[in-house]
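Reviewing the structure listed below.
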Amino acid sequence: MLVAATGLVSPASAQNIAGTPRRSDESTVKDLVRAGQRARAAGKWTEAHDAYKRALEAAEPSSTTERERAEIAGELGLCALRLRSYRDAAEHLAWSLEQREALPVALQLRFEAGLRKATAHVATLLLAVDPPDAEVIVDGKLVGRKSRTHTLFVEAGERMVRAGTPGREESLHMFTAIPGQEHKMVLQLARSSGSTKEVAEGAPKETPRALSATLPVRSQAPSPPPSPWASWPGTLRIAGIAVTTATVSVGSLLMIRASTLDGDLSERRDGLARDPTTSASMCWQAPQRSACAELLRLRDERNLSGVAGTVLVITGGVVGAATAASFFTDFSFLGRTPAQERIHVSPVVTGHGMGVEIGGLW
């Protein structure tokens, strides 16, 4: 009887004994989304939040589309907004709007309105990190993706941002987060002086010596920081100032001369107009006439001086602007020496645009 019963059990019966068959990820996500929609329509925001959260965790790129994942994240953000979890709401809504091309216009408007309400209660941190593969930790929480720029949302109060990567010195910053405001921060990790530690460990160990024997005592005062005129940037600045002064001066003189020649030209043209035997219009039609030779020469000289003066003044202005901008630029990335503690320039890219972040002390 046992053998007969075992042989007669069908696959369907075996499944019923073991339990209900497991559904695919796609059907699970759709069921969770429908459950979230029903809970949201009934005003049960906690249940809707849990359903959308589970749906987003189960939504794999292989079983769902980009639009479905963005829509789930946006609905989850709106549920979090209803529950006054503003930071989570801002994070999910901002992530959803990063795929705005896949969303319908109506959903874009809903999610944008929700994001504006959420960001009014949290601070927005626009963070630029160099190098981009550095590990970023905000208030003890690891920022997931590795990127050169980050848009983060933090609660109000004192916050700590830390970044580090092997071979570079760790960077630590504290700031006061203010709700509804944007805070910009640039973290540049300098190369660590202990990067040769592995080489040093392979060398034979020496007997420890006293500190006074290893470090000579210096009686003179510490050397001052390098002047902004030192090295090749200073040489280019001096040359830029000289070129600017020379071109602007010569161009101004030529423009003044052109103005003077224009006055002489007008005076001679008026004199010809008073002569009953000739007129000024005849000079432009018959340049071979001897009475008009001086008038034509003054006209050509005036035009040449005006054009040359304008070109020189414009050139001097461009060179002067470039020279002035060099005083606010850190050129240490072009050399082999570490950057000085002054002005740092770093690119910044957000979801709304791109630009340059300049930080330092003036």
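Just the heavy atoms: all of them, side chains too, but no hydrogens, waters or symmetry mates, feed the values below. This one's a predicted model, so the numbers in the text were calculated from it and none came from an experiment.
- Listed by chain and residue number, H121 satisfy the ring-ring contact (aromatic ring centres under 6.0 Å, His included) test with Y86 (two or more places apart in sequence, or in another chain).
- The two residues A258 and G306 come nearest to each other via the heavy atoms CB-N, 3.5 Å.
- S171 meets the side-chain contact (heavy atoms from CB on, under 4.5 Å) test with H173, L187, L189; sequence neighbours excluded.
- Heavy atoms only, all atoms of each residue included: Q99 and A70 are closest at CB-CB, 4.1 Å.
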Audit row: T247, V313, side chain to side chain contact (heavy atoms under 4.5 Å, CB included) steps and yes/no: CA-CA 6 Å; T247 53; V313 169; over 6 Å; no

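- R110 meets the side-chain contact (heavy atoms from CB on, under 4.5 Å) test with R40, E75, L78, L107; sequence neighbours excluded.
- The cluster map of Ile, Leu, Val, Met, Phe, Trp and Tyr, joined by side-chain heavy atoms under 4.5 Å apart, puts L56 and Y52 in the same cluster.
- Closest non-hydrogen pair, A89 versus G77, comes out as CB-O, 3.3 Å.
- Taking every heavy atom of both residues into account, A55 and V33 meet most closely at CB-CG2, 4.1 Å.
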Stepwise side chain to side chain contact (heavy atoms under 4.5 Å, CB included) check, V29 with I72: CA-CA 10 Å; V29 171; I72 294 172; 3.9 Å; yes

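- When all heavy atoms of P61 and R69 are compared, the closest pair comes out as CA-NH1, 3.3 Å.
- The hydrophobic clustering, which links ILVMFWY residues whose side-chain heavy atoms are closer than 4.5 Å, places V250 and M255 apart.
- Counting only distance, with no hydrogens or angles, the side chain of D139 and the backbone of M160 share a donor-acceptor pair below 3.5 Å.
- Atoms CG and CZ, on L81 and F111 in that order, are 12.0 Å from each other to the nearest 0.5 Å.
- You'll find the side chain of C79 stays beyond 4.5 Å of the side chain of R82, heavy atoms only.
- You'll find the side chain of T124 reaches within 4.5 Å of the side chain of L126, heavy atoms only.
- Note: T151 OG1 to E98 CD = 7.5 Å, rounded to the nearest 0.5 Å.
- How far CG of L103 is from CG of L97: 7.0 Å, rounded to the nearest 0.5 Å.
- The NZ atom of K184 lies 11.5 Å from the CG atom of L125; values are rounded to the nearest 0.5 Å.
- Counting heavy atoms from C-beta on, the side chains of P104 and R67 come closer than 4.5 Å.
- Between R191 atom CZ and R168 atom CZ the span is 4.5 Å, to the nearest 0.5 Å.
- Judged by distance alone, with hydrogens and angles left aside, the side-chain atoms of R159 form a donor-acceptor pair with the main-chain N or O of A156 at under 3.5 Å.
- A salt bridge links D31 with R34; the closest basic N to acidic carboxylate O contact falls under 4.0 Å.
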Test side chain to side chain contact (heavy atoms under 4.5 Å, CB included) applied to K53 and L32, step by step: CA-CA 9 Å; K53 183 178 181 181; L32 290 171; over 6 Å; no

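- The hydrophobic cluster containing V319 does not contain L312, counting ILVMFWY residues as joined when their side-chain heavy atoms lie under 4.5 angstrom apart, directly or transitively.
- Annotation: side chain of I178 is in contact with side chain of H183 (closest heavy-atom distance under 4.5 Å).
- The distance from the CG atom of L76 to the NE2 atom of H92 is 4.5 Å, given to the nearest 0.5 Å.
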R100 vs E112, salt bridge (Lys or Arg N to Asp or Glu O under 4.0 Å): CA-CA, chis, key distance, verdict: CA-CA 10 Å; R100 64 175 62 245; E112 288 175 354; 2.6 Å; yes

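- Under the 4.5 Å side-chain heavy-atom criterion for grouping Ile, Leu, Val, Met, Phe, Trp and Tyr, F175 is connected to V129 within one hydrophobic cluster.
- In this structure the side chain of L142 reaches within 4.5 angstrom of the side chain of E135, judged on heavy atoms.
- Annotation for T244 and G316: closest pair CG2-O, 3.3 Å, computed over non-hydrogen atoms.
- The side-chain heavy atoms of T149 and L127, taken from C-beta on, include no pair separated by under 4.5 Å.
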